[in-house]
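Contents: one structure, followed by commentary.
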Amino acid sequence: MLRFSSENRSSFQGIVLFAQVIVDIAHSQVDRIFEYSCPDGVKVGSRVKVPFGGRVIDGFVIGVSRASAYSPEKVKPIAEIFDEQPALIPECFSLMQKISSRYRVPKAVALRLFLPSEMRLGKVREAYKNYAVFVSADIKLSASAKKQAQALSFIEEKGECEYTHLCDTFGRGAVNSLADKGAVRIEKRKVARNPFAGLPAAGEARTLTPAQQSALEEIECSEKTVHLIHGVTGSGKTEIYLSVIAREIQRGRTAIFLVPEISLTPQMLMQLRGRFGGAAAILHSGLSAGERFDEWQRLRSGEAKIAIGARSAVFAPLENIGAIIIDEEHDSSYVSESAPRYSTVEIAKMRAEYNGAKLVLGSATPSVETYVKASGGEYGLITLTERINKKPLPEIIIADMRREVKRGNNTAFSKALREELDETLKSGNQAIIFLNRRGYSKTVMCRDCGYVAKCENCDVTLTYHSEENCLKCHYCGAKYRMLTECPDCGGRHVLYNGTGTQKVVSDLKTLFPSARIIRMDNDSVSGKDGHYNILKQFSEKKADILVGTQMIAKGHDFPSVTLVGILDADMSLHFSDYRSGERTFQLITQVSGRSGRSGEAGKVVLQTCSPENYILRYATNYDYAGFFNNEISLRKATGFPPYSLICRVMVTSEKGDAALEALKNVYFSIDELRKTHPDEFIFFNKMHSPIKKIQGKLRYQVLMRLKGYALIDKIYDIAVKNTSANCLVYVEENPINLS
């Protein structure tokens, strides 16, 4: 880091230049370029500290020039320069402009996306260790210096050793004496904090099937930038991805590989290491600050050529990108729910166009919007209809839970699922039980007065967690003591309603006492190795049944799994959301695809109270074409996306008056737009958000359905205008979650 303590330009030696700087403040009032003087050698992309408003703050150099737009005497000098190699690559500034304009965020907020947050805040640095290196044994030691003699003999044999280990073994005094005498040299070396250092490399390049080879050549030869691989689960999409990456690496280019869940990164990293060795680096929020910083540095320096991770890895500091892969492109995790509220696919398109790269989307259940573009010719469409091993897709057995209740079965498990589980365990195979609800029970209710335990900070019910014997809010994370009596009426008849993954595990242990059962959800996973350790345990057959939420539903390949049980398949079916049918179809298809991927045929038991529902009929037959044709006709008739744009302006504040005032201003401003552009509006209204409060903040919304994007910029401008220190106003386009 270079520091410039003088307050004037005379502190600089040689040629004085002028740097155009974006200050790292997330506020629209300072969202412009400021100019500072700087010495020759300051590079575009460097992080700097600059004087600003009576303090010194961080900034980003986005340009350097020899002339200033102002009188040179009035231009203040840069205070510090952080990076020898610029942290930001040239592409960042092109993307900064597009992201800032598209999502109406300050340029500094856009630039922050490209840096690890701890690095930007100065909370992480490169790691160094001291090493003792053997120099010479030609020294004289006294007879009493036994520790020195032992240490010298040890280091001579090893050649070098970590300094602290040598000191722990032979004593710091002995080691330092050897250094003073010139027998060893102490060297300070940079060390890499390597996440998953012990993770084995797995798999080599396989011979592609004719279908895979055809897909690869189509991607290679087509003039289209974006391709969708629509392939059934187990059809070999991953091998196509790896082959696309391999071709680009051979050409000296780089690649980004995105997966929807952090839990999927270890197994994909193993495959990338098996194919490309140390050229792959992992980027996601589950790593420690030091690990994420070092992996980012490997990518920035060019040591690593492939970035793998979840959504945020789309901003990896790679240059000359040749391919971007987005696996399970339909997944909602690819849409950011915090500012800037970007679509990962949209950012990936920007990067692909800038670099002249191929963008490959893959899914067994593509989103309706993506499939419309692919089937309409905007994207290239590649269809894989068979599993790689020619095995049939697993049979799906419908279990009508209404009949189960009539038979007196009030448990979470149908007769069919219990029988199939028993058969699976007897045959030595494994099973997955899927329920997209963590905890022990969904709600806790007083039987006497009907009181339901709710979070004090959020307008949501609390979930009981048996392992900690507490109530938790799944929105803000608050914990409460378990009720022993009703706070309203004092009654002691407390009921548990709904079943969560903890309760499922408890019930399974009662039904199958000898079965080894593990659970995978947000409560059971901790640390960067949490996902990997659970999945490794299951893949090594150290457990018979894996119970989990959506993090086990996609991407995983367990050869011994021959049964999948889907509990409460109706959970997402009856949400008041136009995507509820699509999400249900996707979830059932994805989790069903975990069964029967190797030698034996698989089965799926799907438990539902709506067996006649058309979505379930399409799902049980793996009929994506039928589902899509029905869904797109329905959306066309009702005017829902992709035939319209759902736009929501959210108003949130801890102060009710501030929220209502902002809501009123937003509503009347947009109403003026509606009056001047009546043909653009299909629906328009203001209301409480379905969840009225989260984390202590009241939530209101202006909800509209528009015919297109003609007014979206004006709506963003209205939101920005009404945001204040007391009230946050922001825009969501086709929101993933309307609650």
**OP:** From the options V175, V184, V133, select the one residue that forms a side-chain contact (heavy atoms from CB on, under 4.5 Å) with Y163.
**Re:**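 Of the listed residues V175, V184, V133, the side-chain contact (heavy atoms from CB on, under 4.5 Å) partner of Y163 is V175.
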Original post:
Would S288 and E291 satisfy side chain to side chain donor-acceptor pair (under 3.5 Å), going step by step from the backbone distance to the final call?
Top reply: CA-CA 5 Å; S288 70; E291 289 169 340; 3.3 Å; yes
Taking salt bridge (Lys or Arg N to Asp or Glu O under 4.0 Å) as the cut-off, I'd like each qualifying pair that reaches into [range], sequence neighbours left out, listed once.
range: residues 114-124; result: D24-R120, E118-R292
range: residues 306-329; result: R300-E319
range: residues 166-176; result: none
range: residues 333-348; result: R102-E346

Among residues at least two apart in sequence or on other chains, which ones pass ring pair (Phe, Tyr, Trp, His ring centres under 6.0 Å) with [X]?
X: F52; result: F34
X: Y241; result: F257
X: F114; result: F315
X: F170; result: F154

Could you tell me whether [X] atom [atom1] has more than 12 heavy atoms of other residues or ligands within 6.0 Å of it?
X: K349; atom1: NZ; result: yes
X: K43; atom1: NZ; result: no
X: D138; atom1: CG; result: no
X: E540; atom1: CD; result: yes
X: R55; atom1: CZ; result: no

Check whether [X] reaches the backbone of [Y] with its side chain - one donor and one acceptor, N or O, closer than 3.5 Å.
X: T265; Y: E261; value: no
X: R351; Y: V314; value: yes
X: Y730; Y: S338; value: no
X: D331; Y: S333; value: yes
X: R253; Y: E248; value: no
X: S46; Y: V42; value: no

Subject >> Heavy-atom closest contact (A357 atom, T225 atom, distance) >> reply: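 A357 and T225 have their closest heavy atoms at O-CG2, 3.5 Å.
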Note, [X] side chain near [Y] side chain (heavy atom, < 4.5 Å):
X: I552; Y: F538; value: no
X: V21; Y: I62; value: no
X: D58; Y: V23; value: no
X: P72; Y: S37; value: no
X: S28; Y: R104; value: no
X: D83; Y: I81; value: no
X: F18; Y: R66; value: no
X: I99; Y: Y342; value: no

Original post:
Charged N to carboxylate O under 4.0 angstrom, R298 versus E303?
Top reply: yes
Original post:
Is K190 paired with E126 through a side-chain N to carboxylate O contact shorter than 4.0 Å?
Top reply: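 Salt bridge between E126 and K190, a charged N being under 4.0 Å from a carboxylate O: yes.
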Under the salt bridge (charged side-chain N to carboxylate O under 4.0 Å, His left out) test, residues paired with [X] that sit two or more places apart:
X: E732; answer: R648
X: E468; answer: K472, K479
X: E187; answer: R185, R189

Subject >> Residues in side-chain contact (heavy atoms from CB on, under 4.5 Å) contact with K74, at least two apart in sequence or another chain >> reply: S71
